[in-house]
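Because the structure is a prediction, the values reported are computed rather than measured.
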Amino acid sequence: MVVTVDGPAGSGKSSASRLLARELGFAFLDTGALYRAIALAAQRAGMQDAGEEELDAWLEEVPLEAKSREGCFLVLLDGQDVEPFIRNEVISQLASRLSALAPVRGHLMGLQRAAGQAGDLVAEGRDMGTVVFPRAEAKFFLTASENERARRRWRELAQRGQPAELDEVLADLRLRDRRDSQRSLSPLRPAEDAVVLDTTGHGLPEVVEILAQAVRGRQWVLAQKANETL
Ligand code: DC
């Protein structure tokens with residue numbers, strides 16, 4: 001079974017999806033980390049401003065992998081876990097900019113779908129329910145007010161030792177929201193069959209519980225249908 005969780009930056013989708021996967025015993029795939037890893041590789045190779053044709057050829061050489069380890073897909077670049085290098089504002093904006101380009105999106109499609117074929121999966125991102133896994137059995141779209149999303153991001157940065165001004169965090173978030181939702185390829189939007197959840201004012205455990213109950217409900221319905229056809 002594939003569960004998709006999409007939503008804008010700061011909607012709480014990463015933390016909620018990770019915990020949901022753990023609760024359900026599913027693998028977890030953070031597809032934003034894949035786009036961030038491409039941004040990191042582009043930054044290291046000086047390819048930030050390359051044209052689409054040049055990017056297309058270069059991407060073939062990028063040693064990017066999503067490797068399943070203890071229920072999570074680790075994103076590796078040249079065999080190295082990228083996590084310590086991708087959670088900063090420069091990479092956030094570069095990932096958002098590069099993710100609007102066809103070669104980048106096309107390149108990551110196979111990696112993402114392969115994760116869905118490996119077993120039960122919770123996949124989070126921007127276009128999981130609309131484009132990558134359009135036939136997923138359970139789809140969610142998490143959102144929250146702009147101010148709350150900026151506050152969450154601001155707290156997260158402080159916890160990572162990267163303190164920032166709240167109004168700057170809000171401005172960066174708006175820029176990324178606009179770019180991610182207005183691009184022509186796979187823009188951020190809820191799938192028609194997604195359950196939309198506004199998490200403003202709701203704590204993480206509550207959100208995870210709502211998601212887990214909805215997935216269990218869906219599993220029950222699917223099991224009933226399977227029994228009917230026996
Ligand atoms: O989820 P995140 O903030 O780590 O994602 C970083 C950027 O990657 C985001 O601004 C847009 C892009 N992205 C995307 O286009 N499609 C996805 N499925 C996931 C992320």
Engineer: Quick check for you: to the nearest 0.5 Å, what is the distance between Leu34 atom CG and Glu65 atom CD?
Structural biologist: 11.5 Å
Engineer: Do we see a donor-acceptor contact under 3.5 Å between the side chains of Thr4 and Glu124?
Structural biologist: no
Engineer: Mind checking the CD-CG spacing from Gln80 to Leu40? Nearest 0.5 Å is all I need.
Structural biologist: 8.5 Å
Engineer: About how many Å separate OG of Ser96 and CD of Gln93, when rounded to the nearest 0.5 Å?
Structural biologist: 6.0 Å
Engineer: I'd like to know if the side chain of Arg105 and the backbone of Ser99 have a donor-acceptor N/O pair within less than 3.5 Å.
Structural biologist: yes
Engineer: Under 3.5 Å, side chain of Asp120 to main-chain N/O of Met1, donor-acceptor pair present?
Structural biologist: yes
Engineer: Look at the side chain of Lys139 and the backbone N and O of Pro134, then say whether any donor-acceptor pair between them is shorter than 3.5 Å.
Structural biologist: yes
Engineer: How long is the span from the NZ atom in Lys225 to the OG1 atom in Thr229, to the nearest 0.5 Å?
Structural biologist: 10.5 Å
Engineer: Is a salt bridge present between Arg149 and Asp177, judged by a nitrogen-to-oxygen distance below 4.0 Å?
Structural biologist: yes
Engineer: For a quick test of reading the model, state the closest non-hydrogen atom pair linking Pro190 to Val196 and the distance between them.
Structural biologist: CB-CG2, 4.0 Å
Engineer: Can you name the closest pair of heavy atoms from Val215 and Leu24 and give their distance?
Structural biologist: CG1-CD1, 3.8 Å
Engineer: Among all residues two or more places apart in sequence or in another chain, which pass the salt bridge (charged side-chain N to carboxylate O under 4.0 Å, His left out) test with Glu83?
Structural biologist: Arg87
Engineer: Around atom CD of Glu52, are there more than 12 heavy atoms of other residues, nucleotides or ligands at under 6.0 Å?
Structural biologist: yes
Engineer: Does a salt bridge link Asp6 with Arg126, judged by any charged N lying under 4.0 Å from a carboxylate O?
Structural biologist: no
Engineer: Could you pull out the closest heavy-atom pair between Val5 and Val122, with the gap in Å?
Structural biologist: CG2-CG1, 4.1 Å
Engineer: Under 4.0 Å between a Lys/Arg side-chain N and an Asp/Glu carboxylate O for Glu23 and Arg216?
Structural biologist: yes
Engineer: Is the backbone of Phe73 close enough, under 3.5 Å, to the side chain of Ser68 for a donor and an acceptor to pair up by distance?
Structural biologist: no
Engineer: Checking Gln224 against Glu228: is there a side-chain donor and acceptor pair closer than 3.5 Å?
Structural biologist: no
Engineer: Roughly how far apart are Leu94 CG and Asn88 CG, rounded to 0.5 Å?
Structural biologist: 10.0 Å
Engineer: Whether Arg44 engages the ring of Phe85 as a cation-pi pair (distance to the six-membered ring centre under 6.0 angstrom, angle to the ring normal within 45°) should be assessed.
Structural biologist: yes
Engineer: Tell me every residue that passes salt bridge (charged side-chain N to carboxylate O under 4.0 Å, His left out) with Arg152, counting only those two or more places apart in sequence or in another chain.
Structural biologist: Glu148
Engineer: Under 3.5 Å, side chain of Ser11 to main-chain N/O of Pro8, donor-acceptor pair present?
Structural biologist: yes
Engineer: When you check the gap from the basic side-chain N to the acidic O, do Asp49 and Arg97 get nearer than 4.0 Å?
Structural biologist: yes
Engineer: What are the two closest non-hydrogen atoms of Ser17 and Phe28, and how far apart are they?
Structural biologist: CB-CE1, 3.5 Å
Engineer: May I ask you to decide if Ala39's main-chain N or O and Gln43's side chain share a donor-acceptor pair within less than 3.5 Å?
Structural biologist: no
Engineer: Give the minimum heavy-atom separation between Leu111 and Leu64, together with the two atoms involved.
Structural biologist: CD1-CD2, 3.9 Å
Engineer: For residues Leu29 and Ala115, report the shortest heavy-atom separation together with the two atoms involved.
Structural biologist: CD2-CB, 3.8 Å
Engineer: Starting from Phe141, can I reach Ile210 by hopping between I/L/V/M/F/W/Y residues whose side chains sit under 4.5 Å apart?
Structural biologist: no
Engineer: Donor-acceptor pair, distance only, cut-off 3.5 Å: does the side chain of Arg36 make one with the backbone of Ile86?
Structural biologist: yes
Engineer: Does the pair Asp172/Arg153 count as a salt bridge with the N-to-O cut at 4.0 Å?
Structural biologist: no
Engineer: Main chain of Ala9, side chain of Arg176: is a donor-acceptor contact present, judged purely on distance under 3.5 Å?
Structural biologist: no
Engineer: For Ala164, does its backbone N or O pair with a side-chain atom of Trp154 as donor and acceptor, under 3.5 Å?
Structural biologist: yes
Engineer: Would you check if Val75 and Asp81 make a side-chain contact, meaning some heavy-atom pair closer than 4.5 Å?
Structural biologist: no
Engineer: Under a 3.5 Å threshold, yes or no: a donor from one side chain and an acceptor from the other, between Asp198 and Thr143?
Structural biologist: no
Engineer: Would the distance check show the side chain of Arg160 and the main-chain N or O of Gln162 forming a donor-acceptor pair, the cut-off being under 3.5 Å?
Structural biologist: no
Engineer: Output all residues satisfying salt bridge (charged side-chain N to carboxylate O under 4.0 Å, His left out) with Arg22, sequence neighbours left out; order by chain, then residue number.
Structural biologist: none
